[in-house]
Protein chains: 2
Amino acid sequence: MKLDTINWKILTCLQQNARQSNTEIARKVGVTSPAVAERIRKMEDAGVIEGYHAKVSHSETEHQLKAIITLRAFMGRLKPFLETVKNFDEVVNCYRITGNENIVMEVVLKNQKHLEKFIDKLITYGETRTHIVLSNVVENNPIIKRLPA
Amino acid sequence: MKLDTINWKILTCLQQNARQSNTEIARKVGVTSPAVAERIRKMEDAGVIEGYHAKVSHSETEHQLKAIITLRAFMGRLKPFLETVKNFDEVVNCYRITGNENIVMEVVLKNQKHLEKFIDKLITYGETRTHIVLSNVVENNPIIKRLPA
DNA sequence: GGTGAAAGCATCTGGTG
DNA sequence: CACCAGATGCTTTCACC
């Protein structure tokens, strides 16, 4: 799908605050609200916009620990893991990757005991490496129109 | 902040689709829409809800490559990196972590040439390890009310 | 937390370049 | 074909219970 300047501006608005009204976006972008509504609908249909999600604080919901865990799956244990990981509430994001490890996960946990229990759950699938997150340097950086690389 | 069952239901709704109306949430949760509006406002003020963001497709915006890159900073180069990384458009998420590496980043790129250029930008800050993302196994798994660990 | 009135917004229609 | 302008029906917001 072709994205012109107006669509990029709309995307920028929606990435900043998805809950603002079409009218407000219309004012910022310089068109009328029906035009914004139609453009948004088309971008949704084309798959450019994949959804709108509230970001919920981990710390405010008693998940004090965040960690990056990599997994190097044992022979024949990758497939079972891929099916099971969807049911792990602790896993916020999980990617299959190239390299020495097969999997990298971003997990949120309540405390050290919770982390220990979670690593115990992984131990049958492969060898893990855990990195505790100290701080978020960049968080959900919006995609903006960029010049060709 | 104390989160009761109604607030957890509202959070679940907003994590699924942040752009639905309060009235619609009110119907699903079983209270009136002004009650929903007030609960949302309080959760925003308390920092439980950190924001609402449209999820924009990487592939549909010509960013065909996704990668996880870890960085082991050279002596005295971590601080300069932390200040610079905010300006790298390619970096969607960046965490400071414990362990052998100091930094893990999630980056989106247009193609291999773009990846090469990006790694060249990192080379003055430290030693990098790049893992190409093959697939998203779990993506933005919502936080739901969970029993104590 | 509910109710009801007023303001604001989304959506549909017809009309224009 | 995309946009604008105006009318209708929801939604949000506020005062009050």
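- Across the protein-nucleic acid pair, Arg39(B) atom CZ and dG1(C) atom C1' stand 9 Å apart, rounded to whole Å.
- The pair Glu90(B)-Lys117(B) does not count as a salt bridge, with every side-chain nitrogen at least 4.0 angstrom from each carboxylate oxygen.
- Taking every side-chain heavy atom of Ala35(B) into account, dG2(C) is the closest of dG2(C), dA10(C), dG6(D).
- Straight-line distance from the CG atom of Asn22(A) to the P atom of dG8(C): 17 Å, rounded to whole Å.
- Between the CD atom of Glu44(A) and the P atom of dA10(C) there is a distance of 13 Å, given to the nearest Å.
- In the hydrophobic clustering of this structure, Ile68(A) does not group with Leu115(A); members are Ile, Leu, Val, Met, Phe, Trp, Tyr whose side-chain heavy atoms approach within less than 4.5 Å, directly or through other members.
- Under 4.0 angstrom from either OP1 or OP2 of dG1(C) there lies no side-chain N or O belonging to Thr32(B).
- Between the CD atom of Glu38(B) and the P atom of dT11(D) there is a distance of 20 Å, given to the nearest Å.
- Taking every side-chain heavy atom of Pro34(B) into account, dC14(D) is the closest of dC14(D), dT11(D), dA10(C).
- The existence of a salt bridge linking Lys79(B) and Glu83(B) is excluded, since no basic side-chain nitrogen approaches an acidic carboxylate oxygen closer than 4.0 Å.
- If you measure from atom CD1 of Ile25(A) to atom P of dC3(D), you get 14 Å, rounded to the nearest angstrom.
- OP1 or OP2 of dT11(C) has not a single side-chain nitrogen or oxygen of Ser33(A) nearer than 4.0 Å.
- Distance CD (Gln20(A)) to C1' (dC9(C)): 14 Å, rounded to an integer number of Å.
- Once rounded to the nearest 0.5 Å, the distance linking CG of Asp45(B) with CD1 of Ile40(B) reads 12.0 Å.
- Residue Arg41(B) places none of its side-chain N or O atoms closer than 4.0 Å to OP1 or OP2 of dT13(D).
- Asp4(A) places its CG atom 11 Å from the C1' atom of dA2(D), with the value rounded to the nearest Å.
- Here dA2(D) is the nucleotide among dA10(C), dT11(D), dA2(D) with the atom lying nearest to any side-chain atom of Lys42(A).
- Of the inter-residue distances, the one linking Glu127(B) atom CD with Asn102(B) atom CG reads 10.5 Å to the nearest 0.5 angstrom.
- The side chain of Ser21(B) sits closest to dT12(D) out of dT12(D), dT3(C), dA2(D).
- With dG4(C), dT11(D), dT11(C) as the candidates, the nucleotide lying closest to the side chain of Arg27(B) is dT11(D).
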